[in-house]
J.: 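Submitted below is the structure of interest, expressed as structure tokens.
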Amino acid sequence: MRFEEKLKKNSREALWKEYCGFLDLSLEDYMYIQRRLMEEQLALWANCPLGRTLLGSKSPRTIDELRAQLPLTSYADYADVLLPKRADMLPGEPAVWIQTTWEGGLRPIKLAPYTRGMLDTYRHNLIAAMMMATARKPGEFDLKRGDRILYGGAPLPYATGLMPSLFDEDIQFTWLPDANTHSDLSFSQRIKKGFAMAMGGGVDFFFGIGSVANYITESFGKSSGGHGSGLNISPGNAMRYARAKYISRRDGRAIVPGDVFRLKAFFYAGTDARCYKDRLTRAWGVAPVELAAGTESTCVGAEDWNRKGMVFFPDACFYEFIPEDEMRRSREDPDYLPRTCLMDEIRAGESYELVLSVLHGGAFMRYRIGDMYHCVSAGSGRLPRLSFVDRTPDVIDIAGFTRITAASVEEVIRLSRLDLGDWVLKKEFSQHDDPFLHLYLEIPPDAQAGETTTKSVLTEHLSLYFKYFDSDYGDLKKLLNMEPLEITILKYGTIAAYERQRGMPLPRINPGMLDLMGLLRQQEQPVRPEGRRRE
Amino acid sequence: MNSVPFLFINVVALCCFAVMFVTFLAAKKTREIWAFLAVLADCILWVGGAILMRMQMWPGLGFWYAVSLVALFSMELLFYIFVHVFTRQRGKFLLALFTLWTLASVPGTISGFYLPPPAPRLLADGSTVFIYTVSWHIIIPCCLFVAIICTTTLLLFRVMREQGPHSPGIQVIVIGGMVMLAGNLLQVTLPGNTFPFDALAGVVFAVLLMYALYRRRMFHMTLVVSRSLLTIALALICVTVSSYFIMPLKTFAEGRLGLNETASTTLVALAFAALLAVAYYLMRRLMEAMFTREEQQNRLVKKFSEEVAQSLSTAEIMEKVGMVIGGEVPAEQLYICLLENGAYKARYCTSPLATLSFSLSKDSPQISYLKEQDGYFFLREFCNNPRYLSVWESEKELFRRLNIDCVAAMRDGEEIVGLVLLSAKERSRSLNAAEIGFLQTVCSIASIAMKNAALYEKMFREARIDPLTDVYNYRFFVEQLEEQFGDCGKDCLTLLYIDADDFKLYNQLYGVGEGDKALCRIGEVLSRCVGQSGTVFRTSGKVFAILLPRQDTRRAQNLAQEIEQRVGEINLTPERRRLKPLSVSIGICSAPYAASSAKELMDNADLAVYNAKQGGKAQVVVFRAASELAFQQLAERTDAIVDRIEQGDGEYRNALSLISALTAAIDAKDHYTYAHSKNVARYAATLAVAAGLSDDQVRTIYAAGLLHDIGKISVPESILNKTGRLDEGEYHIMQDHVNNSIEMIRHLPEVDYLIPAALGHHERWDGKGYPRGIRGEEIPISARCLAIADVFDAMTTDRPYRKGLPLEYALDQIEQGAGSQFDPNMALMFVQLVRDHSIPVAAQTSIRS
């Protein structure tokens, strides 16, 4: 039965129980679901060619044996099977292949197979997320056929493009814009089109990654003066718009979307979404709901009406968590096998790297997805609440658009042909909470005189090659009007001197804040020019 | 207006309320039932008070008026309480507020402050009307009513929003409330009205509330309403309705239609009859819906219960469960799964073409959910439970494929021992309470019967199955042989003996464990080869038997060759390359061609397998009956047969050397015994030929005759040659020669097939012989031949302690011993053959005669 028929025939109590009943589960019952589904997945995966290849001579029969025998995996372990779409080697028949970029990978893209069971679970969990987001208390959700959704996600074959198709299987929403009829439009055109449609008939939900949502919101205020006149809107909406204009003038500020629209819920996801939370809340009048979703994982978690961290769905993936210290150790020593915790072992106040095994015939097993989560609350037998922190430190993700690794910086510097010395790159946030890349750079002594090495020239030069190397980087400027790169020139030899003092190498990507401060302090010390010139 | 309609309707309404109240008193009390009883009690007081007031009964109009009005003013509150309880609301504030408010208004009601008691006025036609005086005070209780009614409406609206309008019973309650409100409004707003709309609405209201409870499965209709009660109530309603229409119709027929007295009476009678017919039809439908179905179900349950109680077969019980549930509960298919080794395995389906290869784990969430439910669950309800999230894709797919929508448990105490899965027939219709009750009852009865039957089958199986090879054991073989021999009658029954070759050596080489594995492999091969066409048994350590009913020797021979081949294939497996190759010798005998009794069939097949062994092993030998003797002299025929032994032909090559060695040994020890053995062998072989035994049997008997006294080698010569009577000790030593013979032969594989004959030659037909004391046909036929020959030769030859007896005397003795010492047929045949000179007697004997 489709969800919209259930809305007519079933009581709200029954629907809430069916979709959001897991919120009331004890941690023990939650883990029972996790373990049981994982048993099925283990049996499927261990017996498929992909599983046998990764397991080698081992044959784990239980989850504990699997955790002991199978090291954590990365996309490189699956690339040979997934990129050529070798369905015969997978544990389940793929219904659709979803694509994303492969940061620092061997190829430009990653592909992830979705089985029918995964899609059903994905859809079920998305509806649950919508019910949780619109509820004011348990059971009182506000969802109906025809609700209008302003959609700021990328189209298929990206994971966000699946949402409209999945919802269509269960309930008819009005998508602003309709992904099928407007598939020829570029991403920014689609956003603009969606907003124009929203202005015409109102909007109930907003889906978007945080940075895009923020950009749209800010653009709304700036461009709102010109929008209303050109649109064929109903008298009711015109009245609403006029009222919004009045309120904004009365308060002496630009018009914000919340003046015009009354959203039931506002979903955002992606890196740095947290930075925009307060701004978006002020602008839309509702607190955005955080979703945890990914190409490899489907939708794994969502916030409820309390907005106090996400609860992970028990049936999407089997979750393991690497404690932060273990994660750092394993990043420094690739041979180190980090310890993992299960959902019933994580503790409030600590951060973890997420490791997941996709259930329902998915391909990924003990897969390091590269996301860090902070455990907001846990204990007393209740389900833990988590919030997304950032990507793992070896990858810098700016606003969910670009993913930069040490290798990609090296490549950009190489392409730029600039004579540069040692460097470290750190993701930092501006006073306005906007994320940016901060490159701490040394210039070799002979290059200091020979070339133009002012900060602005270097920034221009390197940005150009960042855009060339990573097209998503270009979108930051194009879509969000962001200038993400800032350069600080260090005295030549500072990094090497600091490493000597530290007694171990300094991570080139996202070193700790203390290290960075130490580096700046080091610069003030007199050092011999023993910097490292790039080969 | 007269007061007849008022009284009539009110009395009927009062009766209805009273009947409902009394019957619901017997129902199981829940909070909802208590709330409903309160509403009914209030209705009784309200309507009863009104009637008694009208009739101005003691203690007076004022009293009954107060009773009726207090009850009426309390109705809204009680309805609110009913809705509150029915929808399981928690808040008590409004409930307490309205209760206090209602209680506070009681004094004003009783005192007539709000509405004074009506004044009766006698009309000219003798009837009484009651005149009410309304003042503004009535607004005070009206505010209370409006507040309660609004709150109830809001509550119902909220419940419908939260639980959906389709929540069981909610719509009915809403309609009931509206009917009650409409009835009371009509009552007070229609000018000059005397028809009791309020009482009529009250009845409908009460019935609808009762239906709401029924929709929530809070009681069984048949628990509160009996067939006779319903009949009386319906008859009462019919009479009331009819009485209202008879007079107006008659007036209408005479006045408007202008019919005379007779015609109008006829018309009224016809109309009344038509009304009764319609009422009867409707009543029958109602009865059928309420009672007949349940009675039918009860009958089916009773019959089912009796049938399954008598059955000790789980398959038969499952079939009956399928039939009885399929007949009463709408389902496309019905599957039964039984708990075996931690999983519920499909064992039965109402469709013979359905696949039964699926199972459901005992740890699956469906089972844990079922344990929490009342013996059954509907899949759509389970889907609403968070536990459903842990269901495997394969399990979801299974339920989707089989279209299962209801699962019922067969319990043994707390444990679920079986599942009944129903696939949906009509997706839109859910099972009603009666069908669910029936399903649960059948499952309960079936689970007990299944438990007993399964226990019996387990014991039956354990008593008949060889635990090592998982084929039937010797005990069952003996039973089946007799049974199938009888069943086949004149039809063919073939027996195969399969003997593993050199198995003793195999065990010695690789140990008993490896030997057991080999036997298991052979057992598997036999089971696979035979399939459903016969039955495989393990009759002794290394010997298997196969019974093939209604299959002739040729088919058995083909099967035997296939078995030889498949056993040979066992040796090809890599893990067996280093082991001694396995092979089997197979003997075949078919009745009635080559055996006239089960015993004979067994013996002959045994003989055939021995011959296969003798013939070099790993071969198939078919036992063949004796050929025709009509045209051949008995002695010549016997010579021809036994010559093969004497000349050591073929398979007798090895045996000959042994027999020669042993007979030479006895000759050296005791020449008499040597000569005696030769005579006995010859007599017995000739008798066997004459008796129509096969050539193989004749040769066996001949060889056994030669060796039957080989045990005498161990008897001291002093005893053998003693001229006087043997003392008891000597006699025992002499008797032991039989066992000694067996001890010697048993270690010689080439001649061990002679044991049955040698062992039994001192047994007697009447069971008084030794060493085993067996009787009749239990004694192998070879031993029976030897016994006669042995006694005849012993009597007719000279012994150390006496001279040989006359031939005729010896024959007389044998005749006398027929039926006691000897097989009567064989004994008489032997005597006849000697007298006819068909059996040539030994030289010493013939001289004496």
Side-chain angles (χ1 to χ4, degrees), chain A residues 1 3 5-26 29-44 91-93 115-121 124-125 128 137-142 312-316 318 359-362 383, chain B residues 86-90 156-171 215-216 342-343 359-369 371-372 377-401 403 405 424 427-430:
Chain A
M1 196 191 292
F3 181 73
E5 288 168 46
K6 288 182 190 173
L7 273 175
K8 288 182 199 163
K9 294 186 175 172
N10 295 1
S11 70
R12 284 175 178 271
E13 200 181 346
L15 280 176
W16 180 263
K17 211 173 157 193
E18 178 179 348
Y19 285 87
C20 304
F22 74 94
L23 292 171
D24 299 324
L25 288 175
S26 66
D29 290 340
Y30 182 94
M31 289 311 294
Y32 168 78
I33 296 172
Q34 282 265 288
R35 284 186 175 278
R36 187 156 200 281
L37 293 179
M38 186 59 181
E39 280 168 19
E40 181 192 37
Q41 177 62 17
L42 174 59
L44 288 172
E93 189 189 347
T115 63
R116 188 62 245 177
M118 285 169 69
L119 291 174
D120 290 342
T121 310
H124 187 277
N125 290 339
K137 62 177 188 177
E140 283 196 358
F141 62 93
D142 182 8
F312 277 25
F313 298 110
D315 57 340
F318 183 80
L359 303 170
H360 308 287
L383 304 187
Chain B
F86 189 86
T87 54
R88 289 164 194 167
Q89 300 299 307
R90 286 181 191 161
L156 283 168
F157 179 74
R158 188 155 59 86
V159 169
M160 283 173 76
R161 196 163 55 85
E162 281 176 5
Q163 299 181 3
H166 298 276
S167 180
I170 293 294
Q171 283 181 344
R215 286 290 309 273
R216 279 271 170 99
S359 64
L360 205 59
S361 164
K362 193 183 176 186
D363 305 324
S364 65
Q366 289 93 329
I367 302 303
S368 28
Y369 182 70
K371 279 180 184 166
E372 291 169 8
F377 73 77
F378 290 104
L379 193 64
R380 61 177 180 281
E381 288 172 4
F382 177 46
C383 291
N384 293 341
N385 192 291
R387 208 187 289 270
Y388 184 74
L389 296 178
S390 60
V391 176
W392 289 345
E393 286 298 315
S394 54
E395 291 166 344
K396 286 180 191 167
E397 177 56 29
L398 173 71
F399 273 58
R400 256 198 303 269
R401 182 164 54 81
N403 202 18
D405 79 332
R427 269 278 174 216
S428 55
R429 183 169 102 68
S430 177

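In what follows, chains are A, B, ... by sequence order, proteins preceding strands, each numbered from 1. Any value given below was found using the heavy atoms of this structure, including those in side chains, with hydrogens, waters and symmetry copies removed.
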J.: Within this structure, what is the CG-OG distance for the pair A:Asp29 and B:Ser390, rounded to the nearest 0.5 Å?
T.: 9.0 Å

J.: Heavy atoms only, distances under 4.5 angstrom: which of A:Gly139, A:Gly21, A:Gly361, A:Gly92 has the most pairs with chain B? Name it, please.
T.: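 Option with the greatest count: A:Gly21.
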
J.: My understanding is that only residues two or more places apart in sequence, or in another chain, count here; which of them pass ring-ring contact (aromatic ring centres under 6.0 Å, His included) with A:Tyr30?
T.: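 ring-ring contact (aromatic ring centres under 6.0 Å, His included) list for A:Tyr30, sorted by chain: empty.
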
J.: Need one label for B:Glu395: side chain, backbone, both or neither, based on atoms under 4.5 Å from any heavy atom in chain A.
T.: side chain

J.: Nearest heavy-atom pair of B:Pro386 and A:Ile33: which atoms, and what distance?
T.: O-CD1, 3.7 Å

J.: CD/B:Glu393 to OG1/A:Thr115 distance, rounded to the nearest 0.5 angstrom?
T.: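 It comes to 6.5 Å.
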
J.: Looking at every non-hydrogen atom in both residues, tell me the closest pair between A:Pro314 and B:Leu389 and how far apart they are.
T.: CG-CD1, 3.7 Å

J.: Side chain, backbone, both or neither: which part of A:Leu37 has a heavy atom under 4.5 Å from chain B?
T.: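 Both backbone and side chain.
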
J.: Measuring from B:Glu381:CD to A:Lys17:NZ, what's the distance to the nearest 0.5 Å?
T.: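 The CD atom of B:Glu381 sits 9.0 Å away from the NZ atom of A:Lys17.
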
J.: Please round to the nearest 0.5 Å and tell me the distance separating atom CD of A:Glu39 and atom OG of B:Ser361.
T.: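 One finds 8.5 Å between CD of A:Glu39 and OG of B:Ser361.
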
J.: Kindly compute the distance separating OH (B:Tyr388) from CG (A:Asp315), expressed to the nearest 0.5 Å.
T.: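 Answer rounded to 0.5 Å: 11.0 Å.
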
J.: Compare every heavy atom of A:Tyr32 with every heavy atom of B:Ser368, then report the nearest pair and how far apart it is.
T.: OG-OH, 4.4 Å

J.: Does a sphere of radius 6.0 Å around CD in A:Glu93 hold more than 12 heavy atoms from other residues, nucleotides or ligands, not counting ones at 6.0 Å or beyond?
T.: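 It does not: A:Glu93 CD has 12 such atoms or fewer within range.
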
J.: Return the CG to CZ distance between A:Leu25 and B:Arg387, rounded to the nearest 0.5 Å.
T.: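 Going from the CG atom of A:Leu25 to the CZ atom of B:Arg387 covers 9.0 Å.
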
J.: Counting distance only, does the side-chain N/O of B:Trp392 pair as donor-acceptor with the main-chain N or O of A:Arg36 below 3.5 Å?
T.: yes

J.: List the residues meeting salt bridge (Lys or Arg N to Asp or Glu O under 4.0 Å) with A:Glu40, not counting sequence neighbours, and say none if there are none.
T.: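 Partners of A:Glu40 under the salt bridge (Lys or Arg N to Asp or Glu O under 4.0 Å) test: none.
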
